[in-house]
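What follows is a short report on a single structure.
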Amino acid sequence: MKAFRDETVERLSRASGLSPEAVDRLLVVAEADRGDFALPCFVPAKERKAPPPKVAAEIAAKAEAGGRVAQITAAGPYVNVRLDRARLAQETVEAARAAGPAWGHGSEGAGKTVVVDYSSPNVAKPLAFHHLRSTMIGNSLVRLYRARGWRTVGVNHLGDWGTGFGKLLLAVELWGHGPITAQDPRGLNAMYVRVNAEIAKDPTLEDRARAWFKRLEDGDEVARDLWRRCVDLSMREFQDVYDRLGVTFDHVTGESFYEDRMPGVVAELKGKGLLEESEGALVVRVDRPDDEKEVPPCLIVKSDGATLYATRDLAAAEYRRVTFHFDRALYVVDVGQGLHFEQLKRVLLRAGHPWADAMRHVPFGVLLIGGTRAKTRTGQVVLLADVLDEAVERVEGVIREKNPELADAAEVAKAVGVGAVVFSDLKNRRINDIQLDLESVLSFEGKTGPYVMYSHARACSILRKHGAALPAFPQGGGALLSDAGEQALVRAVARFPERVARAVETDEPSEVATHLLDLCEAFHAYHARGSRDPALRVLTEDATVRAARLHLVDAVRVTLAAGLSLLGMAAPEQM
RNA sequence: GUCCCCGUAGCUCAGCUGGACAGAGCAUCGGUUUCCUAAACCGAAGGUCGGCAGUUCGAAUCUGCCCGGGGACACCA
C-alpha cells in the first residue's frame, strides 16, 4: 500500500505544484465507493485565491494516471484517486503471503531498545481480573515494538517490598503463618484483607505494620524468612496464570531487587543538593517557575528513614538505563499514577539525567465494580484465574454444540476461552475505564476474540478443503479480485502494516484489534455470499478464479494470524 | 481547592495529527442452513456526537467556559 500512496503523492505533487510533503499531509483515505485516496483542495485554493472546485478540476486535468494509479478525477472541491485495483490486489496478496507471520513487520525501530514495564503485580495478593489490563497491554506492546524492529526488554517489576509487606507480617504476628505453611495463596490473601480491615478499625496497628516493614528493611531474619516464603508462594501462582495467558518477561525483578541501590539514589540526590527536609521526611521539589499547575514535591525518604516506591522507581529507572541503554521506557500502569510518573521524570531531569525524557507512562483506565474502583485491599475482587476458567468452560460448551467432531477440543477451548478474555481487554482504547461486565467478557458473538479466531479458522478451513498446495498466482489474477467484497479484503490486508506501525506510535494495541474486526467483518460477508451463489465461492469451478481467490483467502489468513499474534492470542486452525 | 482522564444510538464502544452523508457490536423486530464451520450473514428500527461560545472554507475531532462521571493531590503502591 505504501508504494501506491507514494506514487499517488508523486503524481498529485507534479500536477498541483505542491511539494510531496504538502500533498502527503492533505491526502486522505477515501471511502471505497469514491476511490482510494482523496485530495481536498481547500488549502491550495486559498493560496491561489481560487475556488476549490476550480483548483480540483485543474489538478485533475493536469494529473496523469498510469502505473499504480488508474484514474484521477475531480469531484467538487476534491480530487479523487482510484488505484489500479488489479495491481493492488496482486501486490498486496503476494506481499502478505511472502511475509507470512512477519506480515505487518517493519524496521523503523531497528537499532533501538525499548524497556516495557508491565503486569508488575503486588506479591501476596492473587492476580485479579484488573491485572489483566497492564499484563496484556504490555505483552502486546512488546510484540508490537518487536515487530517494528525494536529490541525489546519486558520487565515484570513485582511489588514485593513496601509497607504492604509490613501489614502482611503484622497479620502473621497476629494470626500465625498457617496459609504460608499450607501453601495456600488464597488464605494468604484473606489474611491480607483481614489485616487491612483491622487497621481501618484501629489506626495504631498502622504503626506496627510500618515497624514490621522497617524490620524487614533492616534485615531482621524472622521478617526476611517470612517475606521470602510469601514471595515464593505468590510467584508460583502468578506463573501459572502467565503460562495460561502466554505472557513472558525478560526480566522479573521485584522492588526488593533495588533495595541495596536505594542508598545510592538517596546519596546522589543529596550530593546534588536536591534533597530537602519537610515535616521530618526528605523530598525533592519538582515544581518549575513556568509551571501552570502545581506539582507537589516528590517524597524520597519517610520520616522513619524507610524508603518509598518513588525511591525504588528511581533506582529502577537508573538501573534500566545503565543495563539496557533504552531509547524508550514504557510504564504500563493505570491512569491514577500519572502524577507519580510526572514527579519521577522531573526528579531524574533535575538530577541531570536527560534520558528521563524517554520515559513514557502508558496509562490505562481502571476497572470499576459497581461504579467504583476495584480494590484488592478490601477483598472486592474477581480472580483472573476464575474468569479464565469460566471462559474456557463456556467455550467447551459451545464446541460440543457446534463442532462435536473437533479433535483436540480441550486445547482449542483453552485457546478460544483465554482469547475471548484477552481480546475483550485489548479491543478498546486503553484509557477507557471499564465496568466489570462478565457477560460481555464471556460472550462469543459480535466483536469478540472468538469472532476473530473463528474468521481465521474459516479461512483455514477453505484452504484445507482445497487440499493441495496453492497453485501459482494466475497471470492477470488481480483483475479477478475486483468486486467490492474482494476489494474490501484487499484494502484491509494492505493497510494492516500501517495500523501496526500506528499501534506502536500510539502505544495502542486496540489499533490492531479494531483493524482485525474490520477485516473479519469483510471476510464473513464475503464468505457468506457463497451460500447463496456457488459462483461466488472461493472453491468455485473456474480454476483460474479459484486460484486467485485462494491466494486472497490465504492473505487474509496470514493477516489474521499475524494480528492475533501481535495481540498475544492463539490462532487455532479449527474451532 | 488544584490537576488528570472520560462523556458519540437503550447498553458497550469505533471514528478524534479537522475534510464529502456520524459507523459497529449487543439488545429489539424480520429474513437466511439440500450451500467453503449459522461462534456467521442480510435487512428494519434507533443519534440535539453532554451544553454554550470561539477558531476555520469546513468541528464528533482544535480552544475556552460550564455540566455530569471517574481518579490523583507526601510518609500506601
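Below, chain A is the first sequence line, B the second, and so on; all start at residue 1.
Contacts of A:R537 classified as salt bridge (Lys or Arg N to Asp or Glu O under 4.0 Å), with partners at least two apart in sequence or in another chain: none. Scored by the ring pair (Phe, Tyr, Trp, His ring centres under 6.0 Å) test, A:Y78 finds A:F42 as partners (sequence neighbours excluded). Considering only residues two or more places apart in sequence or on other chains, A:R82 meets the salt bridge (Lys or Arg N to Asp or Glu O under 4.0 Å) condition with none of them. Qualifying side chain to side chain donor-acceptor pair (under 3.5 Å) partners for A:E108, counting only residues two or more places apart in sequence or in other chains: A:R148. For A:K201, the salt bridge (Lys or Arg N to Asp or Glu O under 4.0 Å) test picks out A:E198, with sequence neighbours left out.
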note = Protein heavy-atom contacts under 4.0 Å, written 5' to 3' over nucleotides 9-21 of chain B as B (base), S (sugar-phosphate only) or - (none), form the string ----SSS-B-BBB
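To the nearest angstrom, P of B:C73 lies 13 Å from CZ of A:F341. The nearest whole Å value for the distance from the CG atom in A:L205 to the P atom in B:C76 is 14 Å. Following rounding to the nearest Å, A:R346 (CZ) and B:C3 (C1') show an atom-to-atom distance of 12 Å. When the P atom of B:C4 is taken as reference, atom CD of A:E294 falls 12 Å away, rounded to whole Å. A:L339 has its CG atom 13 Å from the C1' atom of B:A77, to the nearest Å. Across the protein-nucleic acid pair, A:H466 atom NE2 and B:C36 atom P stand 17 Å apart, rounded to whole Å. One interatomic measurement links the two molecules: CD of A:E401 to P of B:U37, which rounds to 18 Å at whole-angstrom precision. Atom P of nucleotide B:C3 and atom CG of A:D287 are separated by 15 Å, given to the nearest angstrom.
B:A60 and B:G7 have their C1' atoms separated by 12 Å, given to the nearest Å. Of the P atoms belonging to B:C41 and B:C3, the separation is 47 Å, rounded to the nearest Å. B:A45 and B:G51 have their C1' atoms separated by 28 Å, with the value rounded to a whole Å. Annotation: B:G30 and B:G69 have their C1' atoms spaced 38 Å apart (nearest Å). Remark: the separation of the P atoms in B:C16 and B:G31 is 38 Å, to the nearest Å. To the nearest whole angstrom, the two C1' atoms, one in B:U61 and one in B:G25, are 23 Å apart. Spacing of C1' atoms, B:A9 relative to B:A44, comes out at 14 Å, to the nearest Å. Taking the P atoms as reference points, B:U8 lies 15 Å from B:G70, given to the whole Å.
Comparing atom distances between the A:S461 side chain and each of B:U37, B:A39, B:C42 picks out B:U37 as nearest. You'll find that the side chain of A:M575 is closest to B:U37, out of B:C41, B:C36, B:U37. Comparing B:U56, B:U37, B:U2 by their closest approach to the side chain of A:K46 singles out B:U56. Listed nucleotides: B:U37, B:C76, B:A39. Nearest to the side chain of A:R210: B:C76. Side-chain proximity of A:E255 to the nucleotides B:A77, B:U37, B:C6 is greatest for B:A77.
In the interface, the side chain of A:Y454 is not paired with the base of B:A39 through any donor and acceptor atom under 3.5 Å apart.
Counting any heavy atom pair closer than 4.0 Å across all strands shown, A:I431 reaches sugar-phosphate atoms only and no base atom. If you check every strand for non-hydrogen atoms under 4.0 Å, A:Y451 touches sugar and phosphate atoms only. No contact: A:L517 has no heavy atom under 4.0 Å from any strand. At the heavy-atom level, A:H527 lies under 4.0 Å from base atoms of the strands shown. A:G338 comes within 4.0 angstrom of no nucleic acid atom, judged by non-hydrogen atoms across all strands. Counting any heavy atom pair closer than 4.0 Å across all strands shown, A:A457 reaches a base atom. Note on A:E279: a base of the nucleic acid sits closer than 4.0 angstrom, heavy atoms only. Among the atoms of the strands shown, none is found under 4.0 Å from any heavy atom of A:S455. Residue A:P296 is in sugar-phosphate contact alone, with no base atom involved, counting any heavy-atom pair closer than 4.0 Å across all strands shown.
Every stem involving RNA chain B, taken as at least 3 paired positions in a row under the Watson-Crick or G-U wobble test at 3.5 Å, is listed here: B:1-7 with B:67-73, B:10-13 with B:23-26, B:28-32 with B:40-44, B:50-54 with B:62-66.
No hydrogens or angles considered: a donor-acceptor pair under 3.5 Å links the side chains of A:D313 and A:H340.
Phosphate contact (OP1/OP2 of B:U37, side-chain N/O of A:K402, threshold under 4.0 Å): absent. For B:U2, neither phosphate oxygen OP1 nor OP2 lies less than 4.0 angstrom from any side-chain nitrogen or oxygen of A:K293.
Applying the salt bridge (Lys or Arg N to Asp or Glu O under 4.0 Å) rule to pairs touching residues 432-456 of chain A yields A:R394-A:E439, sequence neighbours excluded. Residue pairs that meet the side chain to side chain donor-acceptor pair (under 3.5 Å) test with at least one member in residues 511-528 of chain A, sequence neighbours left out, are A:S455-A:H524, A:R458-A:H524, A:E486-A:Y526, A:R499-A:E511, A:R499-A:T514, A:R502-A:E511.
A salt bridge links A:K54 to A:E58: one of the charged nitrogens lies within less than 4.0 Å of a carboxylate oxygen. A salt bridge links A:D36 with A:R491: at least one charged nitrogen is closer than 4.0 Å to a carboxylate oxygen.
Ring to ring, A:W161 and A:F213 are close: their centroids are under 6.0 angstrom apart.
Counting non-hydrogen atoms of neighbouring residues, nucleotides and ligands closer than 6.0 angstrom, the NZ atom of A:K427 exceeds 12 such neighbours.
Residue A:I462 is the one, among A:A525 and A:I462, whose nearest nucleotide of RNA chain B lies closer to the 5' end (criterion: closest heavy atom).
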